[in-house]
Structures are given as C-alpha cells and as structure tokens.
Amino acid sequence: MRDDKCDVVVIGAGPSGTVAAALLQAKGYRVKIIERQHFPRFSIGESLLPQCMEFLEEAGLAEVVKSAAEIHHFQYKNGAAFVRGDLNADFDFRKKFSQGPGTTFQVMRAPFDQLLAQEVERRGVAIAWGHELVGVELGDDLQTLDVIDEAGKNYTLQASFVLDASGFGRVLPRLLDLERPSSFPVRTSLFTHVEDNITAGEFDRDKILITIHHLHKDVWFWLIPFANGRCSVGVVGENGFFDEFDDESDLCLREVIDSEPTLKRLLRNAKYDTPARKITAYSSDVSQLYGPGYALLGNAGEFLDPVFSSGVTIAMKSASLASSVLHRKLQGERVDWQSDYADTLRAGVDTFRVFVEAWYDGRFQDVIFSKNQGQEVQAMISSILAGYAWDTSNPYVEKSERRLNTLVEICRQS
Ligand code: FAD
C-alpha cells in the first residue's frame with residue numbers, strides 16, 4: 001500500500017476533476033487525484049461558456065482564472081457568431097434570458113488545466129502526476145484501486161469513493177463495461193493552432209466564430225481566438241466528407257479550410273506553425289453514471305458533440321452536482337444518486353442534445369439565421385448557447401423539442 005486511505009480518489013486532473021477536488025477539499029475531505037500525464041499538456045475544448053464561471057466561482061477558482069487571464073492570453077468572450085454563405089448571425093451572451101455571468105474566456109487548455117490543478121494542489125489536494133489508474137475493486141464503503149507509477153510499479157490505494165474524471169480515457173466505463181454507443185453518427189475533427197494575422201475589424205475576437213460549410217450543412221468550422229494573435233481552428237464532419245481531401249492531416253485541414261470561402265479569406269495570411277491533430281468517434285455514452293462507490297464525471301460519462309462548446313460546462317456541472325451528493329453521503333445521509341445526480345445532470349445534457357440534433361439536420365441553423373425571432377426568444381436561445389441548459393425557467397429548456405420545432409416553423413415561414 002503506497003498511501004494511507006483517503007476519502008475520495010479522483011481519476012484525472014482535467015476541469016471536472018479539479019473542480020470536484022476543490023469542492024470536496026473545501027468541505028474537509030482528504031482528496032487525491034491520480035493523473036497519468038504531466039501538465040501542461042494539450043487538450044481540446046478551448047471555448048468556455050459563461051455558465052462555467054458559476055461553477056468555477058462555487059469551487060473558489062474563478063479569481064485564479066481571472067487574475068491569470070492576461071499572462072496566459074485567455075481571450076474575453078461575450079458570445080457566438082455564425083456564418084453560412086452570405087448569412088450572418090451574432091448572439092450576445094450578455095443579453096441572455098437566464099441569471100448569471102454573461103461572459104467567459106477562450107483558453108488554451110494546457111495552461112488553463114495546469115492553473116486549476118496547481119491551485120487545488122496548493123490547497124492541499126494530493127496529485128500523483130504520471131500515475132495511471134488501471135484497476136478497481138468497488139464496494140459500498142471501501143474502494144481499492146490499482147495504480148501504476150512512472151517507474152511502471154503497481155501499488156494499491158484505498159478510498160471511500162471514486163470519482164472518474166478521466167475524460168476520453170473513460171477508465172471506469174471501460175473497466176466496468178459501462179460503455180454504450182452514442183446516438184450521434186461517427187464524426188471526425190481536425191484542428192490546429194495558427195498565428196492568424198487576421199486584420200482588425202474583419203472578425204470580432206470576443207466571439208467564437210462558427211462557419212457552416214457552404215455546400216454541406218453538417219460540416220462546420222470553429223475559429224476560437226486567443227488574446228495573443230493566435231487562433232484555434234478546426235473542422236467537424238462525418239468521416240466520408242474527408243475522403244475527397246488529402247490523407248495527411250496537415251494538408252487535409254488546409255485543403256478543407258480553403259474549400260470554405262469565408263475561412264479561406266479570414267485565414268489568408270495565417271501562419272500554420274503547429275501540426276494538425278485529428279480526433280474521431282468522440283461522441284460516447286454510458287449505461288449508468290454512478291454505482292456502488294463511484295460516479296462518472298464529465299467526458300467519462302456522456303460526451304455529445306463539440307458544436308456548442310458545452311463539454312467543459314457539462315464537466316464542471318457534473319463535478320458540482322456529484323460533489324454535493326457525495327458530501328451528503330459521506331455525512332451519513334441517505335442519498336439518491338439517480339435523481340440527485342444522474343437525472344439532474346441528464347436534464348441539461350438532453351437540452352443540449354435537442355439543439356445538437358437540430359443543428360445537424362439544419363432546423364436550428366434556420367432559426368439562427370432567421371431575422372424573425374423576437375428579442376425575448378433571442379435571449380432564451382442565447383441562454384442555452386451560454387450554457388444555461390439547466391435553467392427550467394427558460395421555456396426552451398423546459399420543453400426544448402416542442403418549443404424549438406414551433407420556432408423552426410415560424411422561422412421557416414418568414
Ligand atoms: P479531460 O479534460 O479530458 O481530463 C481527463 C484527464 O484524465 C486527462 O488529463 C487525462 O490525462 C486523465 N486520465 C485519463 N485516463 C487516466 C487514467 N487511466 N489514470 C489517470 N488519469 C487519467 N468543450 C468545450 O467546453 N469547449 C469547446 O470549445 C470544446 N471543443 C471540443 C472540440 C472537439 C473536437 C472535441 C472532441 C471536444 C471539445 N470539447 C469542448 C469537449 C471537451 O474537450 C471536454 O468535454 C472536456 O475537456 C472534458 O473535461 P473532463 O474534465 O471530463 O476531461
């Protein structure tokens with residue numbers, strides 16, 4: 001045995017892991033994070049949503065992020081802009097329907113994740129860097145974990161509870177056979193960072209830019225500006241779309257960008273100085289989000305789709321909900337993980353799901369580019385795009401599918 005028993009082991013030091021660790025450590029629990037990599041490390045998921053700021057605030061981490069924003073070139077963000085051919089639409093998150101922050105940041109995840117991890121470490125959370133969780137024996141009150149250290153040596157660790165925040169590592173879903181196929185088709189994303197050299201005024205750097213391919217409405221690009229003249233640029237499409245382009249990722253990404261006139265123009269002076277990365281089949285699901293001795297956070301649970309930048313927000317929401325249920329459980333209360341965690345989390349995820357499905361079949365795109373929505377509806381849609389997918393006072397959250405379909409009809413008639 002390497003260490004004394006701790007209260008909670010968190011697998012992974014991404015945003016869901018560090019937010020959960022901060023919340024539980026603040027309640028007085030002994031928390032240990034097992035992280036298989038050393039930070040800073042690259043991660044995708046750079047455009048945050050304003051709803052995230054509430055979870056960072058709750059975990060006492062918002063100030064750390066705000067005060068480091070300049071040094072790490074975190075870019076102020078107040079909305080999302082959409083382009084399809086010669087159609088444009090801007091959503092300003094400050095004019096949203098829901099209460100709560102209306103602005104956030106676009107961040108390079110290497111320094112962002114490192115910042116959060118260093119802060120929770122400073123507060124007393126132990127992080128085993130370079131250690132990988134490879135096995136578990138779960139029970140009601142005692143969890144035994146099999147970990148490999150950097151020298152390749154196995155050791156065991158015991159805890160009262162395990163939070164799996166391993167992201168696409170999906171440690172417990174794999175070990176416990178919880179993985180289920182996503183309802184979304186397999187898509188691929190290619191992306192890189194560039195020195196963008198975009199002329200001032202051509203592009204609102206305070207917003208993420210989503211460009212829809214002028215020939216394929218289910219193919220879209222992100223342009224996520226940082227505060228140092230660089231951008232993250234990426235494309236998402238079903239695998240077959242990429243067949244007509246070069247096999248090699250760097251060339252393929254350049255060719256795809258050049259096939260879309262808006263982006264070709266915006267990035268005409270860009271310096272491509274970073275190798276492109278490719279990720280495929282990222283949408284995933286699980287049969288259950290909790291069980292005896294464990295709960296799944298963030299991407300270790302369900303991951304929908306990158307289109308509305310909801311990943312980090314859902315990850316932090318899951319950390320907030322699970323930490324609160326776990327605290328009550330560790331205090332000896334009877335808790336209902338299904339209603340207090342799984343159902344509550346899924347309610348917001350399902351709101352995003354409705355909008356993601358309607359994005360790819362074109363219904364939501366028609367809403368976005370319609371000039372026929374009143375200000376109030378625009379504010380309600382802005383709320384969802386800003387991440388407030390759990391705010392049931394918003395009719396587009398409470399009755400997403402029905403409300404959205406009615407709106408689609410109105411917009412299409414105009
Ligand atoms: P992660 O951030 O992935 O962290 C998991 C950590 O666990 C990692 O550090 C990993 O090293 C560690 N780990 C894994 N296995 C083990 C193990 N066995 N033992 C120990 N440690 C382990 N989200 C947004 O909010 N905005 C966006 O703009 C956005 N864009 C995206 C674009 C694409 C193409 C994709 C695929 C996703 C995007 N996302 C975006 C989603 C976002 O990447 C994730 O939702 C988010 O990073 C999830 O955070 P997490 O804390 O669950 O996991």
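Read the numbers this way: they start at 1 and go in the same order the structure lists the ligands and their atoms. All residue numbers in this chain count up from 1 along the given sequence.
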So which atom in [X] and which in [Y] form the shortest heavy-atom distance, rounded to 0.1 Å?
X: Q37; Y: W129; answer: O-CE3, 3.3 Å
X: I127; Y: V120; answer: CD1-CG2, 4.2 Å
X: A81; Y: K207; answer: N-CB, 4.1 Å
X: R265; Y: E202; answer: NH1-OE2, 3.6 Å

Answer yes if the side chains of [X] and [Y] hold a donor-acceptor pair under 3.5 Å, and no otherwise.
X: T313; Y: Q51; answer: no
X: Q118; Y: E121; answer: no
X: S160; Y: K5; answer: yes
X: N239; Y: T188; answer: yes

Worksheet item: Taking the six-membered ring for Trp, are the ring centroids of W220 and F364 within less than 6.0 Å of each other?
Response: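 No, too far apart.
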Practice prompt. Examine F97 together with Y388 and report whether their ring centres are nearer than 6.0 Å.
Written response: no
Atom indices of ligand 1, in the order listed, that fall short of 4.0 Å to a heavy atom of [X]:
X: H131; answer: 20 (C)
X: R41; answer: 4 (O), 8 (C), 9 (O)
X: F303; answer: 37 (C), 41 (C), 45 (O)
X: F39; answer: 9 (O)
X: P15; answer: 2 (O), 49 (O), 51 (O)
X: S189; answer: 34 (C)
X: S16; answer: 50 (P), 51 (O), 52 (O)
X: Y282; answer: 36 (C)

Quick one: does [X] get a heavy atom under 4.0 Å from ligand 1?
X: V171; answer: yes
X: Q106; answer: no
X: R109; answer: yes

What is the nearest protein non-hydrogen atom to [atom], stated with its residue, atom name and distance?
atom: atom 45 (O) of ligand 1; value: N299 OD1, 2.8 Å
atom: atom 26 (N) of ligand 1; value: S47 O, 2.8 Å
atom: atom 21 (N) of ligand 1; value: R36 N, 3.2 Å
atom: atom 14 (C) of ligand 1; value: S166 O, 3.3 Å
atom: atom 25 (O) of ligand 1; value: V312 N, 2.8 Å
atom: atom 12 (C) of ligand 1; value: E35 OE1, 3.3 Å
atom: atom 29 (C) of ligand 1; value: G45 CA, 3.1 Å
atom: atom 33 (C) of ligand 1; value: P306 CB, 3.6 Å

Discussion item. I need the contact type for A300 against ligand 1. Using non-hydrogen atoms and a strict under-4.0 Å cut-off, is it side chain, backbone, both or neither?
Written reply: neither
Worksheet item: Does ligand 1 have a heavy atom under 4.0 Å from the side chain of W129, from its backbone, from both, or from neither?
Response: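 The answer is neither; W129 stays 4.0 Å or more away.
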Response to the item:
Here the salt bridge (Lys or Arg N to Asp or Glu O under 4.0 Å) pairs for residues 154-171, sequence neighbours left out, are R170-E179
Kindly confirm or rule out an N or O of [X] lying under 3.5 angstrom from an N or O of ligand 1.
X: I44; value: yes
X: Q37; value: yes
X: F191; value: no

Worksheet item: So which of L133, V9, T18 gets nearest to atom 19 (N) of ligand 1, if we judge by its closest heavy atom?
Response: L133
